[in-house]
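Contents: one structure, followed by commentary.
All chains are named by letter (A, B, ...) in the order of the sequence lines, taking the proteins before the strands, and each is independently numbered beginning at 1.
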Number of protein chains: 2
Amino acid sequence: MNDVKQTIAFRLGTLGALMQDRFAARIEAYDLKPKHVGLMAALRGGATAASQQDLAARLGVAPSLVVALADHLERLGAVERVRDPDDRRRQTLTLTERGAALLHDCAAAAAELDDEITASLPESERLALRDTLGRLAAGAGLPH
Amino acid sequence: MNDVKQTIAFRLGTLGALMQDRFAARIEAYDLKPKHVGLMAALRGGATAASQQDLAARLGVAPSLVVALADHLERLGAVERVRDPDDRRRQTLTLTERGAALLHDCAAAAAELDDEITASLPESERLALRDTLGRLAAGAGLPH
DNA sequence: TATTGTTATACTCTATAACTATA
DNA sequence: TATAGTTATAGAGTATAACAATA
C-alpha cells in the first residue's frame, strides 16, 4: 500500500467527517448535535442509571462537556437530572419520554442517511459493511 | 433499525473520529496533521500542477485554510510555490522530493494503523472493507 | 470589474484548571 | 482529604470577510 488515500484509516477518517457533517445537518432542526445523540444513546443503552462522570468515561469526553451537553438536553426536556439521595454529590441522568422520542427521530434520520450513502451498494455488501464496522467499534472499545 | 449506534452513518462518524486521532498521533513526529497529508496526497494524485483554489475545492475546505496548510508544508520543505508566468495571480503547488518522502512515511504509518485496527478481522473481510469504503468515498465525491 | 491569494477576525468545539458542595 | 459536578478560561481548528495584486 503506497497510497495513503486508499488505506482504511484514511478513508474512515474522511468518510467519518463527512458523515458527521451530514448527520449534523439532518438533526439540526431538533436543535441537536451528534454528541447529544451519542449521550442520549448511551443513556438508553446503559444498564443502570448513569452519573455524569460515568458517562464522560463511557463517551471518552471531558466531564465538563457532559455538563454542557446535559444542560442543553435538559433545556429541551430530553433528560432529567436526579440527585442521588445516597450520595448527594451525584446526579444521575435519565432519558425522558420526550428524549426517547427525539432519539427515535434521530435514529430514523441516521437510517435515511444510511440508505442514501449506500444506495449504490448491493444489499449484501451493505450488511457486511455494517457488520464489519460494528466489529471494529467493539474492538476499539467504542460504545456499540 | 431502531438503534442509532448501529447505523452505518453513526459508526462511520465515531470510528472516523477515532482513526483521525490515532493517525494524528502517529504523524505528530513529522510535524504534520491529517489535513497536511490530505493536501500532499492531492498534489501527488493530481494530474496537473494545482493552484491553491483548485486544491481548496478538491479538498472541500476554505481557500484560507489551504494557505495555512501550504505555509506549513513550505516551511518543512515539502512543497514549493511557483508563480504561474501566464497568470501571475496564480501559484501552483508542487510536491518536493522531501514532500514525497514524508508522504511515503505517512502512508506507512496509515498502513500500520490499518493492520492494528483490523487485526481481529479475517483477511477477506479486511479487503472487502477497504473496497467498500473506496466505493463510498467515490460515491460521495471524495478524493480517492 | 472579477479573480487569486492572503490576512484579519470571529466563531465553534473541547479540554484544563479552578471552584463549590458534599463525603 | 477526596470526589461529583460546575464554572471559567484558554487553545486548536476552521470559516467568513476584508484586502492586495493581477487580470
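Rounded to whole Å, atom P of dT14(C) lies 8 Å from atom CG of Leu69(A). Between the CD atom of Gln52(B) and the C1' atom of dA21(D) there is a distance of 14 Å, rounded to whole Å. Atom CD of Glu74(B) is separated from atom P of dT6(C) by 8 Å (rounded to the nearest Å). For the pair Asp21(A) CG and dA15(D) P, the interatomic distance rounds to 9 Å; values are reported in whole Å. One interatomic measurement links the two molecules: CZ of Arg81(A) to C1' of dA21(C), which rounds to 15 Å at whole-angstrom precision. Protein atom NZ of Lys35(B) is 11 Å distant from nucleotide atom C1' of dA15(D), rounded to whole Å. Atom-to-atom, CG of Leu65(B) to P of dT7(C) comes out at 14 Å; the value is rounded to the nearest Å. Asp71(B) has its CG atom 15 Å from the P atom of dT14(D), to the nearest Å.
Side-chain proximity of Arg89(B) to the nucleotides dT22(D), dT6(D), dT6(C) is greatest for dT22(D). In this structure, of dA4(D), dG5(C), dA23(D), it is dA4(D) that holds the atom nearest to the side chain of Arg90(A). For Arg88(A), whose side chain is taken as the heavy atoms from C-beta onward, the closest listed nucleotide among dG5(C), dA15(C), dT22(C) is dT22(C). Nearest nucleotide to the side chain of Val67(B), out of dA21(D), dG5(C), dA15(D): dG5(C). Checking dC13(C), dA17(C), dA4(D) against the side-chain heavy atoms of Ser64(A) singles out dA17(C) as nearest. The Ser51(A) side chain lies nearest to dG5(D) when the options are dG5(D), dA2(C), dA15(C). Of the candidate nucleotides dT6(D), dA15(C), dG5(D), dA15(C) has the atom lying nearest to any side-chain atom of Val61(A).
Between the side chains of Thr132(A) and Glu125(B), at least one donor N or O lies within less than 3.5 Å of an accepting N or O.
Gln53(A) comes within 4.0 angstrom of a base, heavy atoms only.
The shortest distance between side-chain heavy atoms of Leu12(B) and Leu133(B) falls below 4.5 Å.
The residue among Gln20(A) and Arg83(A) whose nearest nucleotide of DNA chain C is located toward the 5' end is Gln20(A).
Residues Asp31(B) and Arg75(B) are not paired through a salt bridge, judged by the lack of any N-O separation under 4.0 Å between the basic side chain and the carboxylate.
Looking only at distances, a side-chain donor or acceptor of Thr96(B) sits under 3.5 Å from a matching main-chain atom of Gly77(B). Judged purely by atom type and a 3.5 angstrom limit, Arg11(B) uses its side chain to pair as donor or acceptor with the backbone of Lys5(B).
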